[in-house]
Amino acid sequence: MIDAAVSHVLRVMDRSGVRCLLTGGQACVVYGAAEFSKDVDFVVLADSENFEKIQSVAGNLRAETIAVPPFERAYLDEGLAIHLRCTVAEANGMRVDLMSRMRNVDPFPEIWKRRSTFEFGKTTVEIMGVVDLVKSKKTQRLKDWPMIQRLMEVHFEENKHEPSDADIEFWLSESLTEKILIATANRYPDKTEKMATERPLLREAIQGDSAALEKAINSEIEAEKEADRRYWEPLKARLGELRRAARRDS
Amino acid sequence: MDETTGGMVDLEDIIEPEWLDWYRKTPEERFLESQKLMAHYLAMGGSLAPDIDHESPFWCEEDLEGFAKEMKQARQNAGVKLIRRDV
């Protein structure tokens with residue numbers, strides 16, 4: 001039944017009425033940027049009412065925490081992720097990660113407004129909007145960056161024939177593909193010029209200088225990775241404290 | 001370049017052919033195919049343990065060692081045996 005494990009988790013979430021958005025690898029699968037993911041990640045609203053529903057879902061999935069922090073709402077508020085593993089037969093072994101705050105990503109009520117809704121058979125799945133998903137993937141981890149590139153390429157392909165202003169701004173803000181940036185800059189020079197104050201590497205796209213653009217993209221990625229490392233420094237220290245406390249208690 | 005989009009780049013210009021088919025599936029098709037891949041991955045001795053990712057802020061060394069053991073166990077459970085390696 002493991003091939004249906006992800007479906008089972010999504011179905012249980014859907015029926016529970018938990019206010020959550022599918023994010024991470026499974027969201028990248030749906031948007032076309034990944035082929036599969038070994039876990040199911042959700043960003044959740046961490047108010048007390050919703051957290052009670054999340055606990056109920058965890059009970060239905062017979063989910064156990066596999067690492068610190070403990071399964072308590074306060075840790076979501078701190079910006080930590082709760083790592084669960086299902087033991088229910090229909091999803092045995094499937095991991096479910098929960099977060100409520102992510103670097104670069106707006107608070108839950110804002111991202112909820114920008115969500116995508118998909119139906120898979122009888123299951124409705126609310127998925128983090130692609131703009132927010134891209135922001136959430138700007139991490140210190142090398143493996144997240146090809147995901148951003150692919151998310152942007154799919155979005156470009158799906159919308160290039162009749163792009164909205166928001167689509168064009170999205171490509172110019174977030175694309176990591178030189179050819180997309182140069183083509184968009186050629187087609188929309190005024191908009192690109194305006195946005196270059198926010199994203200200076202667009203000037204290289206306007207010039208059509210692929211080599212300089214590639215170098216600037218790599219610098220931008222390194223700066224984001226460093227910002228993510230700095231963001232996580234106090235959180236990693238907090239996780240260290242929780243691990244020591246867990247060892248003392250065990 | 002695609003003339004119909006006024007010189008906008010074609011996907012074929014920027015990505016590998018093997019990704020094109022995947023990009024062009026519907027979200028539901030991708031989701032279903034992904035679950036088939038997951039089943040295949042597990043049958044081949046794959047594990048649902050988190051990836052050994054030293055860049056991840058979530059895990060400590062002890063966690064990663066546990067995940068590595070779990071991966072090895074999953075291979076053994078699937079009957080996959082390593083009989084030769086270079087390094």
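Bear in mind that the values here come from a model prediction, so they are computed numbers and not experimental data.
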> If we define contacts as heavy-atom pairs under 4.5 Å, which of B/Asp53, B/Asp63, B/Thr26 has the most with chain A?
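Between B/Asp53, B/Asp63, B/Thr26, the count favours B/Asp53.
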> Heavy-atom cut-off 4.5 Å, strictly under: side chain, backbone, both or neither for A/Leu10 against chain B?
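The side chain, not the backbone.
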> Need one label for A/Leu142: side chain, backbone, both or neither, based on atoms under 4.5 Å from any heavy atom in chain B.
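Both parts, heavy atoms under 4.5 Å.
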> Do A/Glu222 and A/Asn218 have side-chain N/O donor and acceptor atoms under 3.5 Å apart?
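Checked: A/Glu222/A/Asn218 side chains show no N/O donor-acceptor pair below 3.5 Å.
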> Let me know if B/Glu62 has heavy atoms under 4.5 Å from chain A in its side chain, its backbone, both or neither.
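B/Glu62 touches chain A through side-chain heavy atoms alone.
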> Is the side chain of A/Thr177 donor-acceptor paired with the backbone N or O of A/Lys179 at a distance under 3.5 Å, no angle test?
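Checked: no pair found.
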> Do you know which of B/Cys60, B/Pro50, B/Gly66 has the most heavy-atom pairs with chain A at a distance under 4.5 angstrom?
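It is B/Pro50.
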> Given a strict heavy-atom distance threshold of 4.5 Å, which part of B/Trp19 is in contact with chain A: side chain, backbone, both, or neither?
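Only the side chain of B/Trp19 comes within 4.5 Å of chain A.
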> Is it the case that A/Asp144 and A/Thr139 place a side-chain donor and acceptor less than 3.5 Å from each other?
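On atom types as modelled, these side chains qualify, holding a pair under 3.5 Å.
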> Quick check for you: among A/Lys143, A/Arg85, A/Gln26, A/Lys236, which has the greatest number of heavy-atom pairs under 4.5 Å with chain B?
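The option with the most such pairs is A/Arg85.
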> Side chain, backbone, both or neither: which part of A/Leu239 has a non-hydrogen atom closer than 4.5 Å to chain B?
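Just the side chain, heavy atoms under 4.5 Å.
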> Strictly distance-based, threshold 3.5 Å: is any side-chain N or O of A/Asn186 a donor or acceptor partner for the main-chain N or O of A/Ala183?
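Absent.
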> Kindly compute the distance separating CD1 (A/Ile221) from CD (A/Glu224), expressed to the nearest 0.5 Å.
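Reported to 0.5 Å precision, the distance equals 9.5 Å.
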> Supply the atom-to-atom distance A/Asp228 CG to A/Lys137 NZ, rounded to the nearest 0.5 angstrom.
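Result: 11.5 Å between the selected atoms.
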> What part of B/Glu70 gets within 4.5 angstrom of chain A, counting heavy atoms only: side chain, backbone, both, or neither?
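Side chain only.
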> Output yes when a side-chain donor or acceptor of B/Arg75 lies under 3.5 Å from a complementary backbone atom of B/Ser47, and no otherwise.
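Judged by distance alone, no pair lies under 3.5 Å.
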> Find the one option among A/Glu162, A/Glu157, A/Gln149 whose heavy-atom pairs under 4.5 Å with chain B are most numerous.
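Top count of heavy-atom pairs under 4.5 Å with chain B: A/Glu157.
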> When you compare the side chains of A/Tyr31 and A/Ser116, does any donor N or O come within less than 3.5 Å of an acceptor on the partner?
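Indeed, the side chains of A/Tyr31 and A/Ser116 share at least one donor-acceptor pair under 3.5 Å.
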> Select one option (side chain, backbone, both, neither) describing which atoms of A/Phe118 are under 4.5 Å from chain B's heavy atoms.
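Just its side chain gets close to chain B.
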> Could you tell me how the ring of A/His155 sits relative to the ring of A/Phe170: parallel (under 30°), tilted (30 to 60°) or perpendicular (over 60°)?
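Ring orientation of A/His155 relative to A/Phe170: perpendicular.
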> Hey, which of A/Glu178, A/Gln140, A/Glu119 has the most heavy atom pairs under 4.5 Å with chain B?
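Result: the option with the highest number of such pairs is A/Gln140.
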> If we define contacts as heavy-atom pairs under 4.5 Å, which of B/Pro27, B/Ser56, B/Pro57 has the most with chain A?
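Result: the option with the highest number of such pairs is B/Pro57.
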> Taking every non-hydrogen pair under 4.5 Å, which of A/Ser37, A/Gly240, A/Ala34, A/Ala81 racks up the most with chain B?
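Between A/Ser37, A/Gly240, A/Ala34, A/Ala81, the count favours A/Ala34.
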> Less than 4.5 Å to any heavy atom of chain B: does that hold for the side chain of A/Arg141, its backbone, both, or neither?
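Looking at A/Arg141, backbone and side chain both touch chain B.
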> Please confirm whether the ring centroid of A/Trp171 lies under 6.0 Å from the ring centroid of A/Tyr188.
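Judged by ring-centre distance (under 6.0 Å), A/Trp171 and A/Tyr188 do not meet the cut-off.
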